[in-house]
Each structure stands twice: as structure tokens, then as C-alpha cells.
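Step one of this worksheet: look at the structure below.
Counting from 1, the numbers follow the sequence of the chain as shown.
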Amino acid sequence: PYFRKIVHNYLRVWCDERGLDLYSDGLKIRTTLNSRIQVHAEAAVNEHMQVLQGRFHKRFKDKNPWFDEDLKEIPGFLKKVAKRTDYYRLLKKRYDGDEDSIWHYMEIKHPRKIFTYEGEKDTILSAMDSLNYYKRFLQCGFMAMDPRDGHILAWVGGVDHKYFKFDHVRQSKRQPGSTFKPFVYLAAVQGGYSPCYELQDVPVTFHFGEKGDEDYKTWSPKNAEGFPSNKIFTLRQAMARSINSIAAEMIKRVSPKKVV
């Protein structure tokens with residue numbers, strides 16, 4: 001459904017430009033999506049996200065999981081989120097911006113269905129209760145592409161399109177981070193290194209400029225744990241575990257220019 005929505009958005013524009021009706025003019029839409037791969041992708045997301053969600057709930061229990069870089073809870077987080085909802089905007093328009101009336105109705109409970117990994121459940125929640133519930137769910141994006149021609153084979157934008165419309169493939173932005181590492185190891189393999197080649201997880205330092213110069217700097221990437229393990233890993237293991245120090249060492253060996 002996430003992929004279908006994306007295609008739908010493109011086609012609406014395409015149809016408007018040609019004076020066509022997307023729903024009634026008998027159009028046949030063919031995409032590159034592979035239905036068999038898509039089934040596996042959705043199943044994988046559902047299976048693994050349930051496990052991660054269970055760990056998340058166990059970790060935070062009764063604590064609120066929204067906090068800043070210093071691990072301090074963000075004050076007023078839910079109210080800030082609430083102000084971006086359609087329901088808040090509707091109440092704001094209806095009551096001419098009167099905050100007391102708006103928040104009064106935001107706290108009134110109503111019967112509603114909610115998403116769970118065991119299926120939909122009937123319950124009674126206010127708009128604020130609902131936000132508090134859904135903001136504790138982990139999300140993910142999953143996209144599979146054929147690298148030979150760029151055709152999209154599978155697309156999963158979140159854990160459930162009915163309850164979470166935001167598409168984590170198309171709409172969310174993330175720093176590239178470890179996504180770049182396969183290119184580093186590809187450069188290594190093309191340069192003659194075997195996936196079984198071993199390297200030690202030790203600190204690696206890059207030098208910028210000449211020693212003694214005013215602009216001379218050094219930089220040492222850290223691993224997720226914050227310190228090197230000093231263990232030996234094959235390149236295959238290093239990529240699977242996303243070990244920064246070994247990826248950095250490999251960049252130095254094959255040269256940044258080769259990686260680029």
C-alpha cells in the first residue's frame with residue numbers, strides 16, 4: 001500500500017496533464033514491483049519489528065521514550081506533536097484558537113480501534129492517549145532494488161499503512177552512515193582483497209595537512225561501542241557488524257580516491 005500510494009501520486013499528476021481520469025478511463029498500470037519478493041519483504045518487516053518492539057517495551061516499560069541527546073526527557077513532547085495533527089487543527093478552527101477548549105476535547109475519550117501486532121483491538125482513548133500509544137511504536141523502511149536497471153522490486157514504508165501513513169522509504173531522511181560501507185568493501189574486493197581477509201579492530205587515525213601547520217588536524221572514527229575490541233575480523237564479518245575502524249582502515253589501504 002505504501003508503494004501504491006507513491007505510484008498513485010505520480011499518476012495523478014500524469015493524468016491531470018493529459019486530461020485523463022485515473023479511476024474511470026480504463027488505464028492499466030504496470031510497475032516493476034515483484035509480488036513474490038514483496039510478500040517476503042512484508043513478512044520480514046512484520047516478524048522482525050515485532051521482536052524489536054517487544055525489546056523496546058521491555059527496555060522502557062513505564063518510562064517515556066522521547067528524550068534529547070543528553071538522555072533527558074523532552075518536556076511537552078506530546079503537546080508539540082498534537083499541534084501537528086488534523087484533529088487539533090479542526091478544534092483550533094472550531095473554537096477560534098481557544099486553548100482551554102482545544103485541550104479539553106483533546107482529552108475526551110472515545111471508542112476506537114487501535115493497531116497491535118496481534119490484530120486490531122477495540123478500546124477507549126482520547127486523542128492524547130492515542131498519540132501517547134502510537135509514539136511508542138518503532139518503524140522501519142524496506143526497499144529492494146535491482147542494481148542492474150534500478151527497478152524497484154519491493155517497498156515497505158512502515159509496519160502498517162492503515163495506522164501509520166508516513167512512508168519511511170520515501171518521506172523520511174537519514175544520514176547515509178553504514179549504508180556506504182558496502183562500497184568501501186567492493187573497492188577492496190575489486191583491488192584484490194578477499195572477503196576472508198582478516199584485519200584487527202584497532203584505532204585508525206586520519207591526518208589532514210602537515211604536522212606543525214596551523215591547519216593540521218587528526219580524526220579517529222569511533223565504533224558504535226565507543227572503543228575498539230582489538231579482535232580479528234574477516235572483511236565479511238566487519239561489514240556485517242558495521243565496524244567503523246576496519247572500514248576506515250580499508251579506505252586508507254585502497255585509497256579514498258578508489259572508494260569514491
Side-chain angles (χ1 to χ4, degrees), residues 1-54 56 81-90 93 110-123 125 127 130-131 133-183 185-186 239-240 242:
Y2 290 97
F3 181 75
R4 202 159 57 235
K5 181 65 176 176
I6 295 296
V7 174
H8 169 269
N9 290 343
Y10 279 115
L11 287 171
R12 283 283 299 274
V13 176
W14 187 88
C15 287
D16 288 345
E17 291 172 348
R18 290 160 179 76
L20 296 171
D21 188 299
L22 179 58
Y23 300 101
S24 63
D25 281 350
L27 298 174
K28 291 183 178 179
I29 312 302
R30 293 183 176 86
T31 75
T32 60
L33 208 72
N34 183 306
S35 60
R36 289 167 295 177
I37 296 177
Q38 179 69 20
V39 167
H40 287 300
E42 291 181 9
V45 167
N46 187 64
E47 177 185 346
H48 289 286
M49 292 307 291
Q50 283 194 63
V51 174
L52 292 175
Q53 191 66 54
F56 185 81
V81 174
K83 289 181 178 181
R84 299 199 296 266
T85 63
D86 291 337
Y87 187 53
Y88 178 89
R89 294 190 188 102
L90 176 69
K93 186 176 180 180
H110 301 280
R112 64 179 77 209
K113 291 183 183 295
I114 59 169
F115 167 81
T116 76
Y117 279 106
E118 291 75 42
E120 287 184 325
K121 287 188 178 178
D122 292 308
T123 187
L125 295 175
S130 181
L131 279 175
Y133 176 74
Y134 284 117
K135 281 299 175 183
R136 297 171 188 272
F137 275 90
L138 300 175
Q139 294 290 336
C140 78
F142 184 138
M143 192 271 282
M145 182 187 76
D146 187 334
R148 296 169 297 183
D149 50 28
H151 287 177
I152 292 170
L153 305 177
W155 181 301
V156 187
V159 296
D160 187 279
H161 184 263
K162 180 178 178 180
Y163 286 93
F164 304 99
K165 295 288 192 284
F166 188 86
D167 189 331
H168 289 266
V169 175
R170 184 72 174 88
Q171 292 176 279
S172 64
K173 299 185 188 304
R174 289 173 169 78
Q175 54 89 9
S178 297
T179 308
F180 185 72
K181 285 175 184 156
F183 296 100
Y185 291 109
L186 174 60
M239 188 176 84
S242 196

Query - Residues in salt bridge (Lys or Arg N to Asp or Glu O under 4.0 Å) contact with Asp122, at least two apart in sequence or another chain - result: Lys113
Query raised in the report: Can you list every side-chain hydrogen bond (donor to acceptor under 3.5 Å, both in side chains) pair that touches residues 29-38, not counting sequence neighbours?
Result: Gln38-Glu42
Report task. Answer whether the closest heavy-atom distance between the side chains of Gln139 and Val159 falls below 4.5 Å. Result -> yes
Query raised in the report: Do any pairs count as a salt bridge (Lys or Arg N to Asp or Glu O under 4.0 Å) and have a residue in residues 155-171, sequence neighbours left out, and if so which ones?
Result: Glu120-Lys162
Requested in this report: May I have all residue pairs that pass salt bridge (Lys or Arg N to Asp or Glu O under 4.0 Å) and include part of residues 146-156, sequence neighbours excluded?
Outcome: Asp146-Arg148
Requested in this report: Determine yes or no for a side-chain-to-main-chain donor-acceptor pair under 3.5 angstrom, with Ser242 supplying the side chain and Met239 the backbone.
Outcome: no
Report task. Given side-chain contact (heavy atoms from CB on, under 4.5 Å), test Val169 with Phe142 step by step and report yes or no. Result -> CA-CA 7 Å; Val169 175; Phe142 184 138; 5.6 Å; no
Query raised in the report: Between Cys15 and Asp21, is any pair of side-chain heavy atoms under 4.5 Å apart?
Result: no
Query - Taking every non-hydrogen atom, the tightest pair across Ala154 and Ile37 - result: CB-CG2, 3.7 Å
Query - Set of side chain to side chain donor-acceptor pair (under 3.5 Å) partners for Thr179, sequence neighbours left out - result: none
Query raised in the report: Can you tell me how far the CG atom of Leu153 sits from the CE atom of Met145, to the nearest 0.5 Å?
Result: 9.0 Å
Query - Partner set under side chain to side chain donor-acceptor pair (under 3.5 Å) for His48, not counting sequence neighbours - result: none
Requested in this report: List the atom of Ile114, the atom of Tyr134, and the distance in Å for their closest heavy-atom pair.
Outcome: CA-OH, 3.2 Å
Query - Within 6.0 angstrom of Arg4 CZ, more than 12 heavy atoms from elsewhere - result: no
Report summary line: Sorted by chain and residue number, the salt bridge (Lys or Arg N to Asp or Glu O under 4.0 Å) partners of Arg89 (sequence neighbours excluded) come out as Asp86
Query raised in the report: Strictly under 6.0 Å, is that where the ring centroids of His168 and Phe166 end up?
Result: yes
Query raised in the report: What pairs meet the salt bridge (Lys or Arg N to Asp or Glu O under 4.0 Å) rule with one or both residues in residues 134-144, with sequence neighbours excluded?
Result: none
Report summary line: Those residues at least two apart in sequence (or on a different chain) that pass ring pair (Phe, Tyr, Trp, His ring centres under 6.0 Å) with Tyr117 are Phe115
Query raised in the report: Considering residues at least two apart in sequence or located in another chain, which fulfil the side chain to side chain donor-acceptor pair (under 3.5 Å) criterion with Asp25?
Result: none
Report summary line: Applying ring pair (Phe, Tyr, Trp, His ring centres under 6.0 Å) to Tyr88 and not counting sequence neighbours gives Trp103
**Report entry** Closest non-hydrogen atom pair between Val45 and Gly158, with its separation
**Finding:** CG1-O, 4.3 Å
**Report entry** Any Trp155 side-chain heavy atom under 4.5 Å of Ile6 side chain
**Finding:** yes
Query raised in the report: Between CG of Leu138 and CD of Gln50, what distance do you get to the nearest 0.5 Å?
Result: 12.0 Å
Query raised in the report: Do Val51 and Phe56 come within less than 4.5 Å of each other through their side chains, counting heavy atoms only?
Result: no
Query raised in the report: So do Tyr133 and Thr123 actually touch side chain to side chain, heavy atoms under 4.5 Å?
Result: no
Query - All ring pair (Phe, Tyr, Trp, His ring centres under 6.0 Å) counterparts of Tyr2, not counting sequence neighbours - result: His161
Requested in this report: If the plane angle is over 60° it's perpendicular, under 30° parallel, otherwise tilted; pick one for Phe164 and Phe137.
Outcome: tilted
